[in-house]
Amino acid sequence: MDSLSEYFQSYLTALESYDVVGAFWVNIQLAFWAALGSAVLGTVLALMRISPVPSFRWAGASYVNIFRNTPLTIIMTFCILVLVFQLQLNLSSDFDFNFFLWAVVGLTVYHAAFVCEAIRSGVNTVPLGQAEAARAIGLSFLPAARMIILPQAFRGAIAPLGNTLIALTKNTTVAAAASVPEAAGLMKTMIEFRPDVILAIFATFAAGFVLIVIPIGLLTTWLSTKLAVTR
Amino acid sequence: MNTRQNVLFDAPGPKARARILLTNIFGIVIFLAAAFFVLKALADKGQLAPELWSPFLTSDVWQFTILPGLMNTFKAAAVAIVTSVLFGLLFGVGRLAANSTLRWICGVIVEFLRAVPVLLMMIFFYLLFGQLQIGTPADIPFYAVVVALTLYNGSVIAELVRSGVFGLPKGQREAGMAIGMTRGQSLRNIELPQALVAMLPALVSQFVVILKDSALGYIITYAELLRSLQIYGSAGPILQALTVAAVLFIIINFALSWLANWLSRFLSSRTSGKTEPLTTQPMAVKV
């Protein structure tokens, strides 16, 4: 019993000397801005991929195939080692904020490919008969898209979009490769300085991610079942 | 033009065809201009100099940098694929067990492992194995990569197994029951064989994730493809080295994705389940 409370005491002192909440806050900020960026970029890509214009479709498909098949770690190291250190492309004059912004860019370009595929899979859940019915009652392209196709497509896209958001949140840890002071990097530092409480430290960080990820998952699952189109 | 296009767009008439042609030309001009400006910017910085690219065509670089890196990437990915399939089968069947306690325990473990970032587990096991002195120091990064990839991807595969069985028509189990099989017998002899065939394309898609995530080993100093090319490129041609790494990953993953699509078509007549590769992120939380 004594050794247990001793362990707990040394875990508490380890926790006090590091800003764990601050590190998670960086992850949340990374996730927020990258989610915003990839939602915009992904929607543009999805529009390109479902448009009837061959060059747009080709460009959208190339983007998705290239970035979906490249490891995020390569994109991140490319941003830092090539774009920042070699080509001196700085997004901000502040040294640390520059890395943060590049991490957001790296996360955005990678996850935009998945957002594009999520939206496209939403469009693919709409049966052809819906479009035919819309045309049969005399709706032209825009009214049919606005009233019949897109409302159903958005509902079908909720679940895959939620999963992309969860993957994005977890992938913010890869920003450690861009030396952004986030949770995974802090966990490494903490364990290196306090190897005596390694299990408790890992449990803390893992629990932090579970606490962030599970609510997102529950919310999107609830939304996607609530808004599901019965067919 | 494939059939899916028709959901939003009707077959174009002469006016629409002219508009599409114009937009198409506009698009080609825009994309060519964008490509031109990127290449010009790179050329201005001297990044297109042939002497920076030509080393990657020599046998020396392939023999001492690229191939050893690729071998390590494949080694970690191959071992992780085998172990995570085993892990996935074990926990997937556990989540389908008749015993509710076993089902619950397997469910909690799988959901927990899917919510924790792979990199977090990788760093943890890297430092833990170092502390416990498991394996020689040179092997520790490899073990950490494999264990972390196994725990995460194994739990995703467990979910594939479960949803594969749930995706079968209800009549399959009912038919098993009707001829006097127990629930377990019907699961083993009727449902699982079909579910495993049905999930093969999604499984191959998951191999792409394993291969991509093996590059996370770069962060814990595992000498895989990205790490070896980054070390080679740190002497100067870093843009070129990382581009080569990315291109190799894209080629391999593209081939795997193609295999998943081919399997999906090939197997669709051999099971009553749905054979679809994963094109989006796998479901992270199921209630």
Side-chain angles (χ1 to χ4, degrees), chain A residues 50 52-56 59 65-66 69-74 77-78 81-82 85-87 114 117-118 121 123-124 126 128 130-131 135 141 145 149 159-160 162-164 166-167 170-171 173-174 176-177 183-184 187-188 191-192 195 198 202 205-206 209-210 213-214 216-218 220-222, chain B residues 1 3-10 12 16 20 23-28 31 45 47 111-112 114-121 123-124 127-128 131 208 211-216 218-219 226 230 233-234 238-239 242-243 245-246 249-250 252-254 257 279-287:
Chain A
I50 56 180
V53 183
S55 65
F56 283 19
N65 282 325
I66 288 174
N69 288 322
T70 311
L72 178 58
T73 326
I74 293 191
T77 45
F78 192 91
L81 296 180
V82 176
F85 286 147
Q86 181 141 46
L87 301 181
F114 291 97
E117 288 309 273
S121 79
V123 174
N124 282 351
V126 183
L128 201 56
Q130 298 287 325
R135 280 168 209 146
F141 171 68
I149 315 282
N163 296 328
T164 309
I166 289 171
K170 295 193 301 176
N171 281 339
T173 50
V174 184
M187 186 187 82
K188 188 161 183 276
I191 293 178
E192 275 162 357
I198 176 171
F202 173 67
F205 281 91
F209 275 100
V210 172
V213 163
I214 299 275
I216 305 178
L218 292 177
T220 50
T221 317
W222 177 75
Chain B
M1 187 173 283
T3 49
R4 296 300 333 175
Q5 233 67 50
N6 294 341
V7 172
L8 270 169
F9 299 101
D10 216 339
I20 289 173
T23 331
N24 195 20
I25 292 168
F26 171 74
I28 292 172
F31 297 132
K45 299 238 180 193
Q47 290 297 331
E111 294 300 344
F112 172 77
R114 286 200 308 166
V116 179
V118 187
L119 180 61
L120 207 68
M121 293 199 256
I123 293 176
F124 166 68
L127 297 171
L128 182 72
Q131 202 176 23
V208 173
L211 203 66
K212 277 198 303 184
D213 282 354
S214 73
L216 286 172
Y218 164 82
I219 296 169
L226 174 58
Q230 181 261 323
S234 59
I238 185 72
L239 182 144
L242 293 186
T243 308
F249 268 105
I250 291 169
I252 300 164
N253 289 332
F254 210 78
S257 307
T279 52
T280 53
Q281 299 282 340
M283 195 59 142
V285 176
K286 276 252 171 67
V287 203

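The figures that follow rest on heavy atoms only: side chains count, while hydrogens, waters and symmetry mates do not. Chain naming here is simple, since letters A, B, ... match the order of the sequence lines and numbering starts at 1 in each. Remember, predicted model here, so these are calculated numbers, not experimental data.
Among all heavy-atom pairs drawn from B:L242 and A:V82, the shortest one is CD1-CG2, 3.8 Å. Of all heavy-atom pairs between B:K212 and A:F114, the closest is NZ-CZ, 3.6 Å. Across all their heavy atoms, A:I198 and B:L127 have their closest contact at CD1-C, 4.1 Å. Residues A:F209 and B:A115 approach most closely at CB-O, 3.8 Å, considering heavy atoms.
For the set A:A184, A:P71, A:A206, the entry with the most heavy-atom pairs within less than 4.5 Å of chain B is A:P71. Most heavy-atom pairs under 4.5 Å with chain A: of the set B:V208, B:V116, B:I25, this distinction falls to B:V116. For chain A, the option among B:A245, B:G27, B:G233 with the highest count of heavy-atom pairs below 4.5 Å is B:G27.
The CZ atom of B:F124 sits 6.5 Å away from atom CD1 of A:I191, with the distance rounded to the nearest 0.5 Å. Rounded to the nearest 0.5 Å, atoms CZ (A:F78) and CG (B:L239) are 4.0 Å apart. Rounded to the nearest 0.5 Å, atoms CD1 (B:I219) and OG1 (A:T73) are 5.5 Å apart. Taking OG1 of A:T70 as the start and CG of B:N253 as the end, the distance is 8.0 Å to the nearest 0.5 Å. The CG atom of A:L87 sits 11.0 Å away from the CD1 atom of B:I238 when rounded to the nearest 0.5 Å. The CD atom of B:Q230 lies 5.5 Å from the CG atom of A:L81; values are rounded to the nearest 0.5 Å.
Residues passing the salt bridge (charged side-chain N to carboxylate O under 4.0 Å, His left out) test with A:K188 are A:E192, sequence neighbours excluded. Scanning for ring-ring contact (aromatic ring centres under 6.0 Å, His included) contacts around B:F249 gives an empty result, with sequence neighbours left out.
Only the side chain of A:I149 comes within contact range of chain B, with heavy atoms under 4.5 Å apart. Only the side chain of B:Y218 has a heavy atom closer than 4.5 Å to any heavy atom of chain A. For chain B, no part of A:T220 is nearby; none of its heavy atoms comes within less than 4.5 Å. Heavy-atom distances place the side chain of B:L226, and not its backbone, under 4.5 Å from chain A. With a 4.5 angstrom heavy-atom cutoff, B:S257 touches chain A only via side-chain atoms. B:F254 touches chain A through backbone and side chain together, each having a heavy atom under 4.5 Å away. For A:F205, the parts lying under 4.5 angstrom from a heavy atom of chain B are both the backbone and the side chain.
When side chains are defined from C-beta on, B:I123 does not count as touching A:F202, because their heavy atoms never get closer than 4.5 Å. Looking at heavy atoms from C-beta onward, A:P54 lies in side-chain contact with B:I20 at the 4.5 angstrom threshold.
Distance alone, capped at 3.5 Å, places no donor-acceptor pair between the A:K170 side chain and the B:L119 backbone.
Residue-environment remark: CZ (B:F26) stays at or below the threshold of 12 foreign heavy atoms within 6.0 Å.
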